[in-house]
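Single-structure report; data block below.
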Amino acid sequence: MKGDSATGETSGPLLDEFRFDSPDALDSHGCLIPGLFAKLGPAAGRDLLDLGCGNGALTRTLASAGFRTVGADASVSGIAMARRAHPDLDWEAQDINEALAPRLRGNFDVVLAVEVIEHLFLPRRLFGRAAEALRPGGRLVLSTPYHGYLKNLAIAALNQSDKHWTVGWDHGHIKFFSRNTLTAMALDQGFRPVDWGFVGRSRPLSKSMIMVAVPVSS
């Protein structure tokens with residue numbers, strides 16, 4: 001769920017989906033990818049579902065590293081672009097609000113959701129889709145912009161609130177997580193966080209956080 005609208009600049013009528021007009025990687029991938037690979041671990045022989053894959057640029061990177069990938073997204077334009085740019089990879093049109101397609105159920109060692117949950121009206125459903133997709137022993141790796149007391153204070157002190165809490169970005173960020181609130185939601189939805197990472201800038205002002213979580217039954 002990432003794409004051309006990630007600039008926060010939209011115009012004209014309300015967009016009916018998160019639109020993509022480029023197959024290129026997003027700027028945010030630059031700081032995220034090293035942290036994600038550190039948490040994902042070895043790729044060889046592991047099946048990964050990129051849930052909210054957008055235009056497929058990150059999925060391509062993961063596949064090139066050795067993961068057996070499926071990219072899934074609700075955006076028609078994103079999946080169409082991914083299929084055109086990377087026809088050798090596997091793609092699925094999938095709304096996070098709906099139960100997973102049968103072929104995606106119970107078939108993955110890792111579910112990855114990169115900068116997705118903050119876009120969702122119903123973010124708990126992401127955990128439901130992850131639970132459907134994972135094999136026993138599998139794990140969810142999720143990233144989202146980090147919010148905490150010092151970062152929020154800095155945003156206000158530097159008069160960056162209007163820029164940060166943008167209201168003109170159709171399908172943009174509508175949920176803002178701290179480590180505590182993401183932990184609480186994960187536990188409420190049957191996942192136990194087992195590892196954390198923080199990327200971009202120093203820890204109190206990190207751009208994003210990465211949570212690794214396993215089903216509580218694991």
Side-chain angles (χ1 to χ4, degrees), residues 1-33 36 47-64 67-105 107-108 110-134 140-145 165-177 207-208 210:
M1 300 184 67
K2 320 148 214 134
D4 59 319
S5 298
T7 61
E9 301 294 333
T10 59
S11 61
L14 179 69
L15 297 176
D16 59 359
E17 66 168 58
F18 203 114
R19 298 289 180 85
F20 294 83
D21 63 2
S22 168
D24 297 335
L26 301 187
D27 291 342
S28 62
H29 289 174
C31 71
L32 279 165
I33 286 174
L36 290 170
D47 294 292
L48 181 148
L49 175 63
D50 188 2
L51 188 58
C53 67
N55 65 3
L58 179 58
T59 318
R60 170 80 273 173
T61 299
L62 296 161
S64 296
F67 287 101
R68 295 191 295 255
T69 61
V70 177
D73 203 287
S75 172
V76 174
S77 61
I79 290 296
M81 186 163 292
R83 286 172 172 156
R84 288 195 301 271
H86 313 291
D88 55 318
L89 299 183
D90 193 356
W91 309 101
E92 181 77 30
Q94 173 69 54
D95 188 339
I96 283 177
N97 293 305
E98 305 293 335
L100 284 185
R103 76 183 187 95
L104 302 181
R105 289 173 168 262
N107 285 327
F108 296 93
V110 182
V111 171
L112 180 68
V114 176
E115 310 295 283
V116 172
I117 196 169
E118 66 273 9
H119 295 269
L120 303 178
F121 281 107
L122 301 170
R124 292 173 180 82
R125 293 189 178 177
L126 187 151
F127 293 94
R129 302 295 80 77
E132 291 169 355
L134 288 172
L140 168 65
V141 179
L142 180 158
S143 82
T144 190
W165 315 103
T166 176
V167 298
W169 180 8
D170 295 344
H171 301 278
H173 296 179
I174 58 173
K175 303 290 185 180
F176 302 90
F177 288 93
K207 290 183 178 180
S208 289
I210 301 170

- Message: Around atom CZ of R124, are there more than 12 heavy atoms from other residues, nucleotides or ligands closer than 6.0 Å?
- Response: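 Atom CZ in R124 is not packed in, count stays at 12 or less.
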
Is there a donor-acceptor contact under 3.5 Å from the side chain of [X] to the main chain of [Y]?
| X | Y | answer |
| --- | --- | --- |
| W91 | H86 | yes |
| D73 | C53 | yes |
| Q94 | A72 | no |

Sequence-distant partners of L112, side-chain contact (heavy atoms from CB on, under 4.5 Å), two or more places apart:
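Counting only residues at least two positions away or on another chain, L112 forms a side-chain contact (heavy atoms from CB on, under 4.5 Å) with L36, L40, L48, D50, L58, L62, V114, V141.
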
Between [X] and [Y], what is the shortest heavy-atom contact and its length?
| X | Y | answer |
| --- | --- | --- |
| V70 | R103 | CG1-NH2, 4.1 Å |
| L126 | A113 | CD1-CB, 3.8 Å |
| E115 | T144 | OE2-N, 3.2 Å |
| F177 | I117 | CE1-CG2, 3.8 Å |
| L100 | E132 | N-OE1, 2.9 Å |
| E92 | L104 | CG-CD1, 3.8 Å |

Quiz item: Do I96 and L51 come within less than 4.5 Å of each other through their side chains, counting heavy atoms only?
Solution: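 I96 reaches L51 side chain to side chain.
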
Query - Minimum side-chain heavy-atom gap N97-F121 below 4.5 Å - result: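 No. Closest side-chain heavy atoms not under 4.5 Å.
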
Problem set entry | Sequence-distant partners of T61, side-chain hydrogen bond (donor to acceptor under 3.5 Å, both in side chains), two or more places apart |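 Partners of T61 by the side-chain hydrogen bond (donor to acceptor under 3.5 Å, both in side chains) criterion come out as none, since no residue qualifies.
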
OG1 of T69 to CZ of R60: how many Å apart, nearest 0.5 Å?
->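 Interatomic distance, T69 OG1 to R60 CZ, rounded to 0.5 Å: 7.5 Å.
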
Should the pair D95-R129 be classified as a salt bridge under the 4.0 Å nitrogen-to-oxygen rule?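 Here D95 does not pair with R129 in a salt bridge, since their nearest N and O are not under 4.0 Å apart.
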
